[in-house]
Every structure is written in C-alpha cells, then in structure tokens.
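Structure first, then comments.
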Protein chains: 2
Amino acid sequence: MSFFSSGVEYAIHSLMCMVDDSGNGREMSVREIAELHGMPYDYLGKVFTRLAKAGLVSSLEGRNGGYQLARSPAEITIRDVALAIDENKTLFDCREVRQRMAVFDSVIPVWACDTPCSVRLVMDEAQRQMYESLARHTILSLTRRMLKKVPDSYPIQISEWLTQRRSG
Amino acid sequence: MSFFSSGVEYAIHSLMCMVDDSGNGREMSVREIAELHGMPYDYLGKVFTRLAKAGLVSSLEGRNGGYQLARSPAEITIRDVALAIDENKTLFDCREVRQRMAVFDSVIPVWACDTPCSVRLVMDEAQRQMYESLARHTILSLTRRMLKKVPDSYPIQISEWLTQRRSG
DNA sequence: GGAAATCTACTCGGATACCGCGTGTCCGAGTTATGGTGG
DNA sequence: CCACCATAACTCGGACACGCGGTATCCGAGTAGATTTCC
C-alpha cells in the first residue's frame, strides 16, 4: 500500500475546490464536495474533522453550514494537509535490531539503547527531505498550476454546478 | 503502518554485518545472519532472494554456501536496498479524482485523462527527494558511521561469535 | 587408498495462516437556519 | 404580525464491518561440499 492514505488525496482535492476564481476561500459543505468529486460522503466527513482539528479549516454548524478555509490558501502547504490527515506516520519504524544481537547474551549494553540507530537516522533524514518537498507547495500554488492545464470553462462549470445545486 | 517494510530494515542490517573490519565483503549464510540479529530465519531467506535478484548480493549454493556482496559496499546505496525489497512502492497512489468529477456527466474530457494530475506530480517529486536522500548513503558509509558510536570490542565480538559458531 | 554412495547444510520458491490497519458505512447527538402554525 | 414549534441540513464522534497486504511459518526441491562405505 502507499504511504499516504486516500484521505490525504481527498483532502487536497477538497481544499483546492474551496478556492474560488479570485484565489480566495469559499464555503462549502462536505456533501457538496463529496458529490462534486465522487468521494464517499461519510469518509470525507472524518477527513474534514481532522482538517478542522489541525486548524486548516473552520466549521460552521447548523443548517447551511459547512467548512471554510481557516487560513489563506497560500498559507496552507501540502505538508500541512498530509500531517493533518496522517499524523505521526513514519516512513520507517526502527525495530531496534541492535538490541537483539546474539553477541549480547541477554545483557544489552547501554550504548545500544542510548545512541540512536544509524539506519533510523538515515531514514528520518529522508523523511524530512520528503516533507520539505511537500512544504514547498501550497493549496493556492497547486490550484493555479492545475488551472493552467485545464480549459477556461472548467472552473466556470464548477461554479455553475454549485449554484444550480444550491438553488434546486 | 510505515512505508518501508521490516524487510528493508533486516536487509540493511544484514548487509552491514557482511562488511568486515577492513571494509570488504565477507560471506555469510542466512542462518548465521538471522541468529546473529535475532531475525526470523525463513523471512530473512526471502529478503535475500530479493537482494540477489536485484544484483546486490550473489548466492553460493550447496553446503557451506551463503551470500556475499555482489558489489563493493561503497557502491550499494540505501536506495538500492530499499528498492530491491520494496519494489514499485509509491508514496501516493493517485485515484484520478478528476475523472470522477460530477460536472462531467459520464463524459470524461480528454484532458482529464491525458494531463497528469497536479497532486500526483507534487507527490512524485517528494518521493524522488526521499529516494535521493537515501542514495546519498551506502552500506559502507553507514557501517563506518555505526562503528564510530560503538566500543572497539563490538566488531571483534561479532567476528569471534562467527568463528566460534562455525567451528563448534 | 580411491571411487561411489550417503549425509548435511545451504539456496530457492510456492502455499498458507495470522492479524493489524486502511477504507468505508451506519447511526445517534448536537446546532442552526427555514417554514409552517396558532394566537 | 409575531411567537412558537417542527423540520431539514448541517457538523461531530463512536462503533463496526470488510478486505488487503505485511509478516511470518512450513514444506519440498535442487545443489554441492563433507563424510562414510565398500571394494
């Protein structure tokens, strides 16, 4: 399986569609977003609960409620989103092989417990590089990049789909 | 769960202990390695099959057989090992959300199929950064770094453990 | 003493079992506009 | 006209079911050095 859960993908696409044509945030409900993207509604609800808990979006309860971006889309990095959904995930979990070496017969030396495993250090560094790469992109930059590759009618279609759904 | 399987960890530690004091490769059997590290023997066997298939080690069949490094430990990067064990793993698998947008009623436009998803591009870039970070370390450099943090008696202990096991 | 047969310690690959976790679904509770109803 | 009430459309959180893949184990087949046996 892949490292990032499907929730991360859902979250990024969701936040991207919450940016309107002028680059500002727009309020949307989970149901709207789910139907627009063909995502499972209940599952997306949990995704947004996590986004809210991480402070990326804020919720408006009650009828006509929904979510809106809590920060400018230029200040929400992809790293933020990934960490909000998949928190405390590590590329590698060290099983402390050194402490199980047969040369220590049931007496593990202190250095094997205190000093960090070299393998783990290398992996942690790689993970840091990965997250730094993700931190270089924001919801806004991603949205702008997408709009370049798409016909001009596309964002209009979405806006119309939204207004039509809200009226009917 | 973590991205890299436990097999990657086993493989790295195994290859590290196949480097002798002078930095050259030394032949060892899977059973020796498994017992030395307290790793599951059968499972480690499969790990080495993959390492051999990737050309990182070469096998010597028959009695007194085993594995030896197929290249200099300075020319085996951690990236090589990770790819040998966990091949074709991706940080992120794109579910092509764009193609499920409700604004396309059952008629998916060509651009949504041809142009790559922006989200995927960002993730792929992050994955590349991660692997490049891993490629900067080799089995030899990792071994050397480990030896610095360890009492001088440690590598001697391992060598003695080996010779004693082979004689008795 | 030398050749042949047997034994042993390996590498391989397939089949399988276990189990945690990602993914998705269902349900109930709390909140707030909206619309209807009665005085 | 206004107060009140029911309803609908939301957000939230817990519980649970399903299935896949990581981890591990078992077993049989093939290979080759070591050992024994036998002439």
Side-chain angles (χ1 to χ4, degrees), chain A residues 1-11 14 27-35 37-54 56-68 70 82 85-93 95 97 165-168, chain B residues 1-11 14 18 27-35 37-54 56-68 70 82 85-93 95 97 100 165-168:
Chain A
M1 225 172 343
S2 58
F3 179 64
F4 289 119
S5 69
S6 61
V8 173
E9 181 170 17
Y10 293 160
S14 297
E27 184 195 335
M28 291 181 74
S29 78
V30 172
R31 178 149 268 132
E32 282 173 340
I33 299 174
E35 284 187 10
H37 292 96
M39 297 170 179
Y41 165 68
D42 286 301
Y43 188 53
L44 191 60
K46 301 202 176 305
V47 167
F48 267 87
T49 304
R50 293 188 154 226
L51 290 177
K53 201 174 287 178
L56 302 187
V57 298
S58 56
S59 64
L60 304 174
E61 288 198 349
R63 179 163 180 160
N64 291 343
Y67 285 95
Q68 59 189 6
I85 306 298
D86 290 350
E87 55 181 351
N88 293 334
K89 258 197 180 177
T90 61
L91 217 51
F92 175 81
D93 58 276
R95 276 147 232 258
V97 172
R165 189 182 183 287
R166 286 173 178 173
S167 64
Chain B
M1 224 175 345
S2 58
F3 180 64
F4 288 118
S5 70
S6 62
V8 173
E9 180 170 18
Y10 293 160
S14 297
M18 291 170 77
E27 183 195 334
M28 290 182 74
S29 77
V30 172
R31 178 149 270 130
E32 282 173 341
I33 299 174
E35 284 187 10
H37 292 96
M39 298 170 178
Y41 165 67
D42 287 301
Y43 187 55
L44 191 61
K46 300 203 176 305
V47 168
F48 268 87
T49 302
R50 293 185 155 231
L51 290 177
K53 201 173 287 178
L56 302 187
V57 298
S58 56
S59 66
L60 304 174
E61 288 197 347
R63 181 162 179 163
N64 291 341
Y67 285 95
Q68 59 188 4
I85 306 299
D86 291 350
E87 53 181 352
N88 293 333
K89 257 197 179 177
T90 61
L91 217 53
F92 176 81
D93 58 277
R95 275 148 232 255
V97 172
R100 291 187 286 174
R165 189 183 184 284
R166 286 174 177 172
S167 65

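Reminder, nothing fancy here: chain letters follow the sequence lines and each chain counts from 1. Values below: all heavy atoms of this structure, side chains included; hydrogens, waters and symmetry mates excluded.
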[X] has a side chain; which of [options] sits nearest to it?
X       : options                : result
B:Arg63 : D:dC12, C:dA9, D:dA24  : C:dA9
A:Arg31 : D:dC10, D:dC12, C:dT23 : D:dC10
A:Tyr10 : C:dT23, C:dG24, C:dA33 : C:dG24
A:Ser59 : D:dA24, D:dC12, C:dG24 : D:dC12
A:Ser5  : D:dG33, C:dT23, D:dA24 : C:dT23
A:Pro40 : C:dG24, C:dT34, D:dT11 : C:dG24

**OP:** Apply side chain to side chain contact (heavy atoms under 4.5 Å, CB included) to B:Ser14 and B:Leu44, showing your working.
**Re:** CA-CA 9 Å; B:Ser14 297; B:Leu44 191 61; 3.7 Å; yes

Subject >> Residue whose closest nucleotide on DNA chain D lies nearer the 5' end, A:Met1 versus A:Tyr41 >> reply: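 Of the two residues, A:Tyr41 wins.
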
Original post:
Does A:Ser2 have any side-chain hydrogen bond (donor to acceptor under 3.5 Å, both in side chains) partners at least two apart in sequence or in another chain, and if so, which?
Top reply: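 side-chain hydrogen bond (donor to acceptor under 3.5 Å, both in side chains) list for A:Ser2, sorted by chain: B:Asp93.
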
Select base, sugar-phosphate, or nothing to describe what [X] touches, counting heavy atoms under 4.0 Å on all strands.
X       : answer
A:Phe3  : nothing
A:Arg50 : nothing
A:Gly45 : nothing

Nearest-Å distance, [atom1] ([X]) to [atom2] ([N])?
X       : N      : atom1 : atom2 : value
A:Met39 : C:dG22 : CE    : P     : 19 Å
B:Leu44 : D:dG22 : CG    : P     : 18 Å
B:Tyr43 : D:dG22 : OH    : C1'   : 6 Å
A:Met28 : D:dT11 : CE    : P     : 11 Å

N/O-N/O pairs, protein side and nucleotides 26-30 of chain C side, under 3.5 Å:
none

**OP:** Please lay out, stage by stage, how B:Lys46 and B:Arg50 fare under the test side chain to side chain contact (heavy atoms under 4.5 Å, CB included).
**Re:** CA-CA 6 Å; B:Lys46 300 203 176 305; B:Arg50 293 185 155 231; 5.9 Å; no

Original post:
Looking at B:Arg95 and A:Tyr10, what are the two nearest heavy atoms and their distance?
Top reply: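 Scanning both residues, the minimum pair turns out to be CD-OH, 4.3 Å.
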
Original post:
Which heavy-atom pair separates B:Thr49 from B:Tyr67 by the least distance, and what is that distance?
Top reply: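 Result for this residue pair: N-OH, 4.1 Å.
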
For [N], does either OP1 or OP2 sit under 4.0 Å from a side-chain N or O belonging to [X]?
X       : N      : result
B:Asn64 : D:dA34 : yes
B:Arg95 : C:dG24 : no
A:Thr49 : D:dC12 : no

Original post:
Between B:Phe4 and B:Glu9, is a side chain to side chain contact (heavy atoms under 4.5 Å, CB included) present by the stated rule, with each step listed?
Top reply: CA-CA 8 Å; B:Phe4 288 118; B:Glu9 180 170 18; over 6 Å; no

Subject >> Side-chain donor or acceptor of B:Asp86 paired with backbone N/O of B:Ser5 under 3.5 Å >> reply: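 Side chain of B:Asp86 to backbone of B:Ser5, a donor-acceptor pair under 3.5 Å: yes, one is there.
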
